[in-house]
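Note that these values count all heavy atoms, side chains included, but never hydrogens, waters or copies made by symmetry.
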Amino acid sequence: TFNYDFGRDAGIAGVSSGVADWQGFAAYAHWKPLDRFGLSARAEYYDDDVGTLGVPTGAVASGRVFEGTLTSHLYLSEGLDLRFEYRHDHGNNASFLRGNGASRKFQDTLASQLVYSF
């Protein structure tokens, strides 16, 4: 799957033209080599030319963010899916807050999910 979005916002304070353009895309793929196991990969990119994305300081600055995710699927039974996921986010601004209040340009996330579909 591939998705592309483009948007334009008017009346943006602090921007000389008052207009902000943003765009993003996402690509997803799922592979199921076995009846009880599958892998999914996802990549997304977001580009905000004047920073309506925002940074922790509240300053207006361009924002570009990329994320990549890899998910394993264990199909336990009909409609029951156990997932383990790793995600990496990276941007051009230090917009990811840490627990100590400091910010940095990236973050890594691990997650597990139990999903029931009906």
Do L39 and Y28 belong together in a cluster built from hydrophobic side chains that touch within less than 4.5 Å? no
ILVMFWY network linking W31 to F37, side-chain heavy atoms under 4.5 angstrom: yes
Residues 106-118, side-chain donor-acceptor partners within the protein, below 3.5 Å, at least two apart:
unit_1: D108; atom_1: OD1; unit_2: Y86; atom_2: OH; d: 2.7
unit_1: D108; atom_1: OD1; unit_2: H88; atom_2: ND1; d: 2.6

Excluding sequence neighbours, so at least two apart, what forms ring-ring contact (aromatic ring centres under 6.0 Å, His included) with F25? F2, Y45
Holding to side chain to side chain donor-acceptor pair (under 3.5 Å), I want the full list of residues that pass it with D21, two or more places apart in sequence or in another chain. R8
Which residues share a side chain to side chain donor-acceptor pair (under 3.5 Å) with S72, sequence neighbours left out: none
Tell me the closest heavy-atom pair linking [X] and [Y], and the distance in Å.
{"X": "S40", "Y": "H73", "result": "OG-NE2, 2.7 Å"}
{"X": "Y75", "Y": "G38", "result": "CE1-N, 3.7 Å"}
{"X": "L97", "Y": "S103", "result": "CD2-CB, 3.9 Å"}
{"X": "A43", "Y": "F66", "result": "CB-CE1, 4.0 Å"}

Enumerate the residue pairs fulfilling salt bridge (Lys or Arg N to Asp or Glu O under 4.0 Å) with a member in residues 81-92, sequence neighbours excluded, ordered by first and then second residue. E67-R87, D81-R83, R87-D89
Got a sec, which residues hit side-chain contact (heavy atoms from CB on, under 4.5 Å) with N100, two or more places apart in sequence or on another chain? R98, A102
D35 CG: over 12 foreign heavy atoms closer than 6.0 Å: no
Exam field: side chain D47 to backbone Q23, donor-acceptor pair closer than 3.5 Å: no
Residues in salt bridge (Lys or Arg N to Asp or Glu O under 4.0 Å) contact with [X], at least two apart in sequence or another chain:
{"X": "E44", "answer": "R42"}
{"X": "R36", "answer": "none"}
{"X": "R104", "answer": "none"}

How many angstroms lie between CG in D48 and CZ in R64, if you round to the nearest 0.5 Å? 10.0 Å
Intermediate values then yes/no, side-chain contact (heavy atoms from CB on, under 4.5 Å), F84 and L70: CA-CA 8 Å; F84 297 98; L70 182 62; over 6 Å; no
